[in-house]
S.K.: 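Here you go, one structure.
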2 protein chains.
Amino acid sequence: MITTSFTEENYLKAIFHLSPQEAEAVSTNAIAEALQTKAASVTDMLKKLADKNLINYVKYQGVTLTHNGRQAAIGIIRKHRLWEVFLVDKLNFKWDEVHELAEDLEHINSAKLIDSLEAFLGFPKVDPHGDPIPDKNGVLKEPILVPVSKMNINQTGIISGVKEHSTLFLNYLEKTGLVLGKRVKVQDLIEFDGSVIIALDKQVLTISRDVAKNILIAV
Amino acid sequence: MITTSFTEENYLKAIFHLSPQEAEAVSTNAIAEALQTKAASVTDMLKKLADKNLINYVKYQGVTLTHNGRQAAIGIIRKHRLWEVFLVDKLNFKWDEVHELAEDLEHINSAKLIDSLEAFLGFPKVDPHGDPIPDKNGVLKEPILVPVSKMNINQTGIISGVKEHSTLFLNYLEKTGLVLGKRVKVQDLIEFDGSVIIALDKQVLTISRDVAKNILIAV
DNA sequence: TTTATTTTTTAGGCTAACCTAAAAAAATTA
DNA sequence: TAATTTTTTTAGGTTAGCCTAAAAAATAAA
């Protein structure tokens, strides 16, 4: 088993999130931006991760995760999302309060702990933001979700995730009643500014293009 | 609020455990031994902790915790013991499996998390080894427990704690049925080697002096 | 009370993860 | 294609926490 430090794990996770399907190589600057650090520091770490066979790194060409690196990243994401479920379901945290704490908890290293936690939580499929939880073998099923902005008039679906995780955004959704599990129907699309008029429960409301892009629907 | 690193917290906790009542100053070597590190490293850290007003440090004279240092240590112990209860009560860990994991979890820093956890667990008074859990104000009530080795013939009491926390010892207790909450009665004391003959449930068994010294009884 | 031993501290070095400033490579624009 | 801009890397330095070896202080023994 390769051991990874707290910091190395954060790099792996960042690389994963920046290119979940390995569609393209991730740039040094993008990682620096994601981790709020400097490009020079990223270069240092990329060399180390490459030595450990966790990433494929070619100077000036960006990086992709190796199989090992990807599995490590998925393992951390599994822990992050299970802890989020625990905080919301068992400790009554709100969905916008759990991210930072889960960022710490995800680095606690014990397969037995995390597998027991999963069982205790009843093997949840998704975290409080609708993101899927990888299973203990590292298999991550990305559900096919479309943003509200891509839906057609009269189409309906269940709110199943969000693309943006900021407290500001989640608070807005909460206040508006746009929470996970709700059924929405698109009533009209305003071409002028991209805003969308939707039916939610018995009410009708208008959301901006920015909001519509960040609410994900299972259709 | 003073922020403390992972390592600083471990030093504070070690100092606390080495002199819980501040009866006497703790020596550099004792800390090195407890933390499996070298005396020179301890000296480095003691200077830092003294600068932060967490310990009273006089060169060559050992250390005691300041009020702040003691409160910090108690806060970490509170977290450690609540996590142990969680692992045993909710995730079905055995009492001898939880210590190392709690050593990591105790450094997660969130008052809201730990207070919610405490409520979720039903405000337990003691951890799975019978050690008392400090309250959220940092008040730690040490119960008066006596080792079996100090009991008199015919005296009875409830097993309420252990002095030794090693897996080897806890496993032995488990196997023998000497677990928390059991009532025991001292039937005889063997002066020759200090072993003790006790009644437990309907059986009678003999325990060595070493074992008798490490089982704590509320009388 | 001098000598020997033990304990503790200082001095100087190491590694991980960060930084700034400068150099080199790649990408873009003219 | 040449010149400019952007991105990335290298070079050299910092801090936290650790180390070994040597010096200094405290304690114990002769």
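Not measured: the values here are computed from a predicted model. Letters go in sequence order (proteins before strands), and every chain restarts at 1. All values below were derived from every heavy atom in this structure, side-chain atoms included, with hydrogens, water molecules and symmetry-related copies excluded.
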S.K.: To check you understand the geometry: which heavy-atom pair defines the closest contact between B:Val126 and B:Val85, and what is its length?
M.R.: O-CG2, 3.7 Å

S.K.: Can you give one letter per nucleotide of nucleotides 10-16 of chain D, going 5' to 3': B for a protein heavy atom under 4.0 Å from the base, S for sugar-phosphate only, - for none?
M.R.: B-----S

S.K.: Side-chain N or O of B:Thr28 less than 4.0 angstrom from OP1 or OP2 on C:dT7?
M.R.: no

S.K.: Are A:Lys13 and A:Glu103 close enough for a salt bridge, meaning some N to O gap below 4.0 Å?
M.R.: yes

S.K.: For A:Lys52, enumerate each residue passing the salt bridge (Lys or Arg N to Asp or Glu O under 4.0 Å) test, keeping only those at least two apart in sequence or located in another chain.
M.R.: A:Glu8

S.K.: Please tell me if A:Lys38 has a side-chain N or O lying less than 4.0 Å from either OP1 or OP2 of C:dT20.
M.R.: yes

S.K.: For the residue pair B:Ala72 and B:Leu12, what are the closest heavy atoms and their distance?
M.R.: CB-CD1, 3.8 Å

S.K.: Could you check how far CG of B:Leu46 sits from C1' of D:dC18, rounded to whole Å?
M.R.: 14 Å

S.K.: Under 3.5 Å, is there a donor-acceptor pair between the A:His107 and A:Asn10 side chains?
M.R.: yes

S.K.: Between A:Glu24 and A:Ser19, do the side chains contain an N or O donor and an N or O acceptor separated by less than 3.5 Å?
M.R.: no

S.K.: Any base atoms under 4.0 Å from B:Tyr11, or only sugar-phosphate, or nothing? Heavy atoms, all strands.
M.R.: sugar-phosphate

S.K.: Measuring centre to centre across the rings, with the benzene-like ring taken for any Trp, is B:Phe86 within less than 6.0 Å of A:Phe86?
M.R.: yes

S.K.: Is it the case that A:His80 and A:Glu84 place a side-chain donor and acceptor less than 3.5 Å from each other?
M.R.: yes

S.K.: Tabulated below should be each protein N or O lying under 3.5 Å from an N or O of nucleotides 23-25 of chain C; please produce it.
M.R.:
none

S.K.: Look up atom OG1 in A:Thr64 and atom CZ in A:Phe16, then write down how far apart they are to the nearest 0.5 Å.
M.R.: 13.0 Å

S.K.: Roughly how many Å is it from CG in A:Asp51 to P in C:dT15, rounded to a whole number?
M.R.: 14 Å

S.K.: Side-chain N or O of B:Asn29 versus OP1/OP2 of C:dT6: is the shortest distance under 4.0 Å?
M.R.: no

S.K.: May I have the distance from B:Leu35 (atom CG) to D:dC18 (atom C1'), rounded to whole angstrom?
M.R.: 12 Å

S.K.: For a quick test of reading the model: is some side-chain N or O of B:Ser27 closer than 4.0 Å to OP1 or OP2 of C:dT7?
M.R.: no

